[in-house]
**Q** 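One structure coming up, written as structure tokens, with questions to follow.
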2 protein chains.
Amino acid sequence: MNIKDASELTHVPAKTIRYYEDIGLIVPQRGPNGYRVFSDSDVNKLGFIGRARALGFTIEDCRTLVSLWEDDRRESADVKRIAEDHLEAIDAKIAALHEIRETLDDLVHRCAGDHRPNCPILESIGKEQS
Amino acid sequence: MNIKDASELTHVPAKTIRYYEDIGLIVPQRGPNGYRVFSDSDVNKLGFIGRARALGFTIEDCRTLVSLWEDDRRESADVKRIAEDHLEAIDAKIAALHEIRETLDDLVHRCAGDHRPNCPILESIGKEQS
DNA sequence: ATAGGGCTTCCACCTACTGGAAGGTCAAGA
DNA sequence: TCTTGACCTTCCAGTAGGTGGAAGCCCTAT
């Protein structure tokens with residue numbers, strides 16, 4: 001199958017598929033016309049990558065996960081470690097965002113949002129924090 | 001004052017300060033030796049930008065916020081709109097991360113993490129979602 | 001034969017920096 | 001006075017993960 005069909009089946013944009021080939025994540029065959037030819041296994045792999053990316057794994061993580069996925073002699077501990085590290089990173093990100101969110105929410109609530117220049121948001125950003 | 005002092009006072013790395021000048025966010029004077037010379041007002045502005053960035057505002061938002069900050073005739077509504085939009089974006093990001101987090105957490109808990117190849121994490125990423 | 005859609009490569013751009021190389025400047029100490 | 005080391009400068013390249021667009025080939029249907 002050609003790139004468009006692979007793209008539609010996996011919900012990975014064609015541009016992105018080409019990019020994944022560029023960085024060696026997938027290596028589809030080529031037809032006599034130079035077109036990429038995607039096998040079922042290519043499509044599966046692409047779907048796997050797409051779902052791993054949707055879970056926020058980095059490309060490098062995806063590379064590792066794919067190779068573990070394809071390795072019959074993998075140890076699930078290796079997979080779990082990657083997932084746990086990622087989970088920790090996500091928790092950290094959520095915590096950071098949450099803190100920002102609280103500050104911002106407070107500022108927004110304190111700002112009149114009218115035609116006058118007085119603004120607690122700017123005042124707060126403008127002065128050094130304790 | 002020179003870049004290092006401005007950097008230390010504002011906690012904005014010197015490299016980043018130079019970058020901010022590149023993109024026209026700040027325009028420090030130059031001394032006869034070509035060194036950047038930072039006035040108190042430059043430092044204040046830099047601090048403002050640093051804190052706005054720490055709240056997750058984009059550089060373009062910072063540009064607008066700085067100009068509103070410096071404008072006596074601003075309307076707080078303009079500031080509030082920017083902050084509200086940003087708050088919404090943050091909420092969306094938190095929600096997305098939270099969803100990922102739950103999925104990932106479930107998978108991690110279901111994975112034995114031992115020497116055996118059997119792995120619910122890979123199985124889940126490997127098969128199409130309903 | 002021509003029109004359209006799909007395919008190819010390549011290059012540039014995005015955000016917000018960061019690292020490093022090559023070289024100029026300045027103040028303090030021998 | 002010379003030298004050393006800490007500054008400072010510019011410029012180029014790279015990061016993550018794509019996305020947009022141009023120029024040009026290919027394939028099928030009419």
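In what follows, chains carry the letters A, B, and so on, assigned in the order in which the sequence lines appear, proteins first and then strands, with residues in each chain numbered from 1. Everything numeric here is computed off the predicted structure, so don't read it as measured data.
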**Q** Just how far, in rounded Å, is P of dA16(D) from NZ of K93(A)?
**A** 13 Å
**Q** Given atom NZ of K15(A) and atom C1' of dC11(C), what is their separation to the nearest angstrom?
**A** 10 Å
**Q** Considering only side-chain heavy atoms of T58(A), which listed nucleotide, dC8(D), dG6(C), dG17(D), is closest?
**A** dG17(D)
**Q** Tell me: CG of N33(A) to P of dC7(C), nearest whole Å?
**A** 10 Å
**Q** Roughly, in whole Å, what's the span from CZ in R30(B) to P in dG24(C)?
**A** 17 Å
**Q** OP1 or OP2 of dA16(C) less than 4.0 angstrom from a side-chain nitrogen or oxygen of T16(B), does that happen here?
**A** no
**Q** Under 4.0 angstrom, heavy atoms only, what part of the nucleic acid is R53(A) near: base, sugar-phosphate, or nothing?
**A** sugar-phosphate
**Q** Using whole Å, what does the distance between atom P of nucleotide dG17(D) and atom OH of Y19(A) come to?
**A** 6 Å
**Q** Give R18(B) one of three labels, base, sugar-phosphate or nothing, depending on what nucleic acid heavy atoms sit under 4.0 Å from its own.
**A** base
**Q** Please name the pair of heavy atoms, one in D42(A) and one in Q29(A), separated by the smallest distance, quoted to 0.1 Å.
**A** OD2-N, 4.5 Å
**Q** Select base, sugar-phosphate, or nothing to describe what I23(B) touches, counting heavy atoms under 4.0 Å on all strands.
**A** nothing
**Q** Where is the tightest heavy-atom contact between K80(A) and C111(B), given as atom of each residue plus distance?
**A** NZ-O, 2.9 Å
**Q** For D5(B) and dA6(D), give me the distance from atom CG to atom C1', rounded to whole Å.
**A** 13 Å
**Q** Name the residue closer to the 5' end of DNA chain C, choosing between P32(B) and G56(B) according to the nucleotide with the nearest heavy atom.
**A** G56(B)
**Q** Restricting to non-hydrogen atoms, name the atom on L25(B) and the atom on K45(B) that form the minimum distance, rounded to 0.1 Å.
**A** O-CE, 3.4 Å
**Q** Other residues, nucleotides and ligands only: do more than 12 of their heavy atoms fall within 6.0 Å of CD on E123(A)?
**A** yes
**Q** What is the separation between atom OH on Y35(B) and atom C1' on dG23(C), rounded to the nearest whole Å?
**A** 11 Å
**Q** Of the options dG18(D), dA16(C), dC7(D), whose atoms approach the side-chain atoms of I59(A) most closely?
**A** dG18(D)
**Q** Taking only N and O in the side chain of R36(A), is any of them less than 4.0 Å away from OP1 or OP2 of dC7(C)?
**A** no
**Q** Quick one: the side chain of Y20(A) and the base of dG17(D), do they pair up donor-acceptor inside 3.5 Å?
**A** no
**Q** Which one, dG18(D), dT18(C), dC8(D), comes nearest to the side chain of P13(B)?
**A** dT18(C)
**Q** Show your reasoning for whether salt bridge (charged side-chain N to carboxylate O under 4.0 Å, His left out) applies to R81(B) and E84(B).
**A** CA-CA 5 Å; R81(B) 199 173 316 114; E84(B) 279 171 340; over 6 Å; no
**Q** Could you tell me how far apart R63(A) (CZ) and dA16(D) (C1') are, to the nearest whole angstrom?
**A** 12 Å
